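Since we're looking at a predicted model, the values are computed, not measured. Below, read A as the first sequence line, B as the second, and so on, with proteins coming before strands; counting in each chain starts at 1.
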Protein chains: 2
Amino acid sequence: MQLKRADVVTGGLALLDAEGLDGLTMRKLGAHLGVRAGGIYWHFRNKEALLGAMADRIVGEVTATPLPLGAWDARLAEMAHRIRRALLAHRDGARVVAGTYVTEPNTVRGGQQAVRVLTDAGFPLDRAGWVVFAAMYYVLGHTIEEQAQRAEGDWADRGADLPDTELNRAMEAVVRADPEERFTYGLELFLDGVRLRLAEVRP
Amino acid sequence: MQLKRADVVTGGLALLDAEGLDGLTMRKLGAHLGVRAGGIYWHFRNKEALLGAMADRIVGEVTATPLPLGAWDARLAEMAHRIRRALLAHRDGARVVAGTYVTEPNTVRGGQQAVRVLTDAGFPLDRAGWVVFAAMYYVLGHTIEEQAQRAEGDWADRGADLPDTELNRAMEAVVRADPEERFTYGLELFLDGVRLRLAEVRP
DNA sequence: ACCTGAACACCGTTCAAGT
DNA sequence: ACCTGAACACCGTTCAAGT
């Protein structure tokens, strides 16, 4: 059976889960697919293009099922949580997605959906775009660190050589906290700002 | 003259500016320093450790000059802007810093300073840590994309193949907007949330 | 203490040639 | 159309040996 573009993406994600982003090489992927490394280049211009397609597949989970109806802020929060979960579903998923840019179909669809949630609520179109990008930066940053922490078991020891001051203990407590709760907290700070702006525009 | 740890970091940053993160190799850095690649390993355990030291030097700019006195939110905003500027001062600076973790001295000092700004304002210590990390995710995410955009001149063409709908034009307008203005807007959304939380705790 | 020389075990990418 | 074989130009890291 001949290889299709989608098979390469599927194989890439399987290899990603098995070896992580740093272990994802064209040679290993070729072996996994029963092909020499060079053969992949018939399907993808280069490794970056393949990673872009993988990223779009990961992000595709977000728009796979329709967003539940409800208040705009609940819908936006739901989207943010879905993105986080989609990224967490694959090893180094956040790093893969962070390294690619907006032009793939699922990513574009997701961005548009988020913008529409805001404009439907009365938010001006241009500022809605700014809000969506800003939120995405937060989600990516948070999840990248979550996965970095998950990868290295020795994260609890980070800063073990630091003096035991109240401040240092507070910093260490951050990385020991429940990631989901911490994610939600930061997301809500952000949404508070959006709510205020919306109240100004449409009182 | 013999090489010191600090010289390797300085040379690393010079090479980073010249070649970007992907062009920063141990061999090229060795050549730049008048040393074989292997020689660097006497000063740093591996490349990751070197990048960590470079990241801390970049971030060191933030605490180099004392924070002006004033309201807590103005001080926090000033720190965020300083971090952004420090990252922008070196090619791929944001990616370098995002790839390292909290334990280097300047990074720790900066984090502590930010936490103290919040606790001095009456914010509880543990939540202050959450806020500082969340803000850092936003700053890093924003600046990574800013620098990716700066690197590839063809960013304006991204999505040129997309249908010319109102939504797509809005998305494209985001990347064409003034980055500093966009950065400030997102930061303020975030600070609005913090202000609200502070008003709850200490009315 | 600080670095060289040389090797080890890899990379991404290209491209004539095969089927 | 789809892939092989083989090469090109690199990597990070290690380590005996030199000074």
Does any pair with a residue in residues 15-28 of chain A pass side-chain hydrogen bond (donor to acceptor under 3.5 Å, both in side chains), and if so which ones, sequence neighbours excluded?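 Found Asp17(A)-His90(A), Asp22(A)-Arg95(A).
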
Close side-chain approach of Glu48(A) to Thr100(A), heavy-atom, < 4.5 Å: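 Result no, sub-4.5 Å side-chain heavy-atom pair not found.
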
Sugar-phosphate only, base, or nothing, as touched by Lys28(A) at under 4.0 Å among non-hydrogen atoms: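 Contact class for Lys28(A): sugar-phosphate only.
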
Position toward the 5' end of DNA chain D (nearest nucleotide), Gly39(A) or Arg27(A):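 Comparing both residues, the 5'-ward one is Gly39(A).
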
One thing to verify: whether Arg197(B) and Asp192(A) come together as a salt bridge, which I'm taking to mean a side-chain N less than 4.0 angstrom from a carboxylate O.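 Looking at Asp192(A) and Arg197(B), the cut-off is met.
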
Distance between P atoms of dA9(D) and dC10(C) (Å, rounded):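 The answer is 22 Å between these two P atoms.
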
Where does the chain A footprint on DNA chain C start and end, counting 5' to 3' with a 4.0 Å heavy-atom cut-off?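 So the outermost contacting nucleotides come out as dC11(C) to dT14(C).
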
Pair Arg57(B), Thr10(B): side-chain N/O donor-acceptor within cut-off below 3.5 Å: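 Yes, side-chain donor-acceptor contact under 3.5 Å.
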
Opposite nucleotide pairing with dC8(D), Watson-Crick or G-U, both atom distances under 3.5 Å: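 Check on dC8(D): paired to dG12(C), both distances under 3.5 Å.
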
Look through every strand shown and name the nucleotide pairing with dT19(D) as Watson-Crick or G-U wobble, where both distances are under 3.5 Å.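 Pairing partner: dA1(C).
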
Check: Arg36(B) side chain, Gly30(B) main-chain N or O, donor-acceptor pair, under 3.5 Å: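 Side chain of Arg36(B) to backbone of Gly30(B): no pair is present.
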
Would you please indicate if the ring centroids of Phe183(B) and His81(B) are separated by under 6.0 Å?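 Yes, the ring of Phe183(B) comes within the 6.0 Å limit of the ring of His81(B), centre to centre.
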
Contact nearer the 5' end of DNA chain C, comparing Leu24(A) with Gly34(B):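 With Leu24(A) and Gly34(B) compared, the 5'-side residue is Gly34(B).
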
